Amino acid sequence: MSEEMTLAIDCGGGGIKASVLDSHGTMIAPPLRTPTPYPLPPALLVQTAVDLAARLPHADRVTMGMPGMIRHGVVVATPHYITRSGPRSKILPELVEEWRFFDMGRALGRALDLPTKVLNDAEVAGAGVVTGTGLEMIITLGTGLGNAVFDGGVLAPHIEVSQGFVRWGLTYDDYIGEHERLRLGDTHWSRRVRRIVDGLRPMYMWDRLYLGGGNSKRITAGHRAKLGEDVIIVPNDAGIIGGVRAWEL
């Protein structure tokens with residue numbers, strides 16, 4: 001029997017990456033990346049995914065991870081893609097309406113004519129790193145903050161932690177996002193990462209916490225050493241590698 005190949009698409013606030021993986025989760029082609037286009041109505045994200053797929057080897061199914069509250073492939077809300085020119089720019093009411101309850105799973109599946117699974121991007125990244133034992137949580141650090149929880153390898157219902165308030169009226173996205181890292185510098189920003197980990201630990205009481213996303217590597221060595229033995233920093237490619245295991249959730 002021929003091996004099943006998975007097209008994995010990782011959609012972020014600043015860039016969209018894609019590759020094709022074999023059944024073991026190994027990329028069979030170098031990942032392609034394109035800047036996230038703005039403004040970004042749903043049809044443009046679908047077309048961007050189709051364009052990336054055309055430049056990659058054949059796949060038998062598709063996994064897409066994208067920011068926001070995604071339920072059964074349907075977008076309940078997405079924080080970045082409703083803006084004029086990207087994160088922290090003006091929100092466009094017409095995009096809010098276009099994205100609200102948009103069935104991305106169905107639209108992407110029809111465009112590529114393949115079985116399709118669309119999840120929150122942190123959920124896909126988590127699928128790529130969890131061991132399947134105990135209560136495991138992943139926090140992704142990039143344009144904003146992403147999160148997902150797994151109990152015994154089973155994905156828990158999504159809670160959009162990024163939209164909760166931390167302090168000074170700031171959400172987690174506001175407090176720990178890329179714009180704040182650039183403003184504060186890595187050392188002060190890393191202190192904020194520690195503060196968030198220490199604040200969430202008594203709420204979730206995880207057995208293991210994974211820190212992923214493009215900015216996890218920015219955590220300075222001194223702060224990394226103080227995160228705790230229950231915290232593991234994982235590579236940013238988990239958002240693509242998880243595209244295979246996401247089908248087992």
Side-chain angles (χ1 to χ4, degrees), residues 8-13 16 36 40 42 45 49 62-82 87 96 99-109 116-166 171-177 196-197 199-216 231-232 234 236 238-249:
I9 306 169
D10 182 13
C11 303
I16 300 171
T36 304
L40 183 58
L45 182 56
V62 187
T63 304
M64 173 184 277
M66 60 176 291
M69 179 66 79
I70 316 297
R71 294 187 185 138
H72 311 293
V74 175
V75 180
V76 177
T78 186
H80 309 311
Y81 299 164
I82 58 174
V96 174
W99 275 110
R100 188 169 182 265
F101 298 127
F102 180 78
D103 194 336
M104 177 57 77
R106 176 178 295 181
L108 186 61
T116 301
K117 184 178 290 292
V118 178
L119 298 166
N120 171 274
D121 52 350
E123 294 176 340
V124 178
V129 299
V130 295
T131 66
T133 303
L135 196 290
E136 299 173 282
M137 182 172 182
I138 184 168
I139 290 175
T140 55
L141 303 169
T143 304
L145 178 145
N147 67 281
V149 175
F150 299 79
D151 184 10
V154 178
L155 179 63
H158 187 64
I159 297 174
E160 191 70 355
V161 172
S162 68
Q163 301 307 303
F165 291 99
V166 188
T171 66
Y172 284 85
D173 267 357
D174 297 329
Y175 186 70
I176 206 68
I196 281 177
V197 169
L200 292 176
R201 182 180 280 114
M203 294 171 60
Y204 285 92
M205 297 186 183
W206 54 65
D207 294 301
R208 279 169 305 283
L209 172 69
Y210 304 96
L211 294 180
N215 279 345
S216 61
V231 180
I232 302 168
V234 297
N236 188 32
I240 290 181
I241 294 173
V244 174
R245 291 184 68 191
W247 285 80
E248 303 169 7
L249 299 179

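Only a predicted model underlies this, so the values are computations on that prediction, with no experimental measurement involved. Along the sequence shown, residues are numbered consecutively beginning with 1.
Considering CD1 of I159 and CE of M203, their distance stands at 8.0 Å, rounded to 0.5 Å. Residue L249 holds its CG atom at 7.0 Å from NZ of K117, rounded to the nearest 0.5 Å. Atom-to-atom distance recorded for H72:NE2 and D103:CG is 11.0 Å, nearest 0.5 angstrom. Taking OG1 of T133 as the start and CZ of R208 as the end, the distance is 6.0 Å to the nearest 0.5 Å.
T131 is listed as a side-chain neighbour of Y210, based on a closest heavy-atom distance under 4.5 Å. Residues I70 and L119 have side chains not in contact (no heavy-atom distance under 4.5 Å, counting atoms from C-beta outward). Taking the side chain as every heavy atom from C-beta outward, V62 and I9 approach each other to under 4.5 Å. Put simply, the side chain of V130 reaches to within 4.5 Å of the side chain of R245, judged on heavy atoms. Taking 4.5 Å as the limit, every side-chain heavy atom of M64 sits out of range of all side-chain heavy atoms of T116. At least one side-chain heavy atom of Y81 sits under 4.5 Å from a side-chain heavy atom of P67. The closest side-chain heavy-atom distance from E136 to W206 is not below 4.5 Å.
Tested against M69, the residues N120, V75, V76 include a single side chain to side chain contact (heavy atoms under 4.5 Å, CB included) partner, V76.
Between W99 and F102, the two ring planes are perpendicular [angle over 60°; tilted spans 30° to 60°].
Scanning both residues, V166 and T171, for their nearest heavy atoms gives CG2-C, 3.9 Å. Residues G213 and S216 share a closest heavy-atom pair of O-OG, 3.0 Å. Between A49 and L108 the shortest heavy-atom distance is CB-CD1, 3.7 Å. Counting all heavy atoms, side chain and backbone alike, A122 lies closest to T140 at CB-OG1, 3.9 Å. The minimum heavy-atom distance between I196 and Y172, with the atom names listed, is CD1-CD2, 3.7 Å. Nearest heavy atoms, L145 versus S162: O-CB, 3.0 Å.
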(request) Carefully, step by step, assess I82 and R100 under the rule side-chain contact (heavy atoms from CB on, under 4.5 Å). (result) CA-CA 10 Å; I82 58 174; R100 188 169 182 265; over 6 Å; no

(request) Apply side-chain contact (heavy atoms from CB on, under 4.5 Å) to the pair I16 and L45, showing each step before the final yes or no. (result) CA-CA 9 Å; I16 300 171; L45 182 56; 3.5 Å; yes

(request) Mind running side-chain contact (heavy atoms from CB on, under 4.5 Å) on H80 and D173 for me, showing each step along the way? (result) CA-CA 10 Å; H80 309 311; D173 267 357; 4.2 Å; yes

(request) Tell me, with the steps shown, if L200 and I139 meet side-chain contact (heavy atoms from CB on, under 4.5 Å). (result) CA-CA 10 Å; L200 292 176; I139 290 175; 3.6 Å; yes

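Under a 3.5 Å cut-off, the side chain of T63 and the backbone N or O of A8 do not form any donor-acceptor pair. Within the 3.5 Å criterion, the main-chain N or O of V161 finds a donor-acceptor partner in the side chain of N147.
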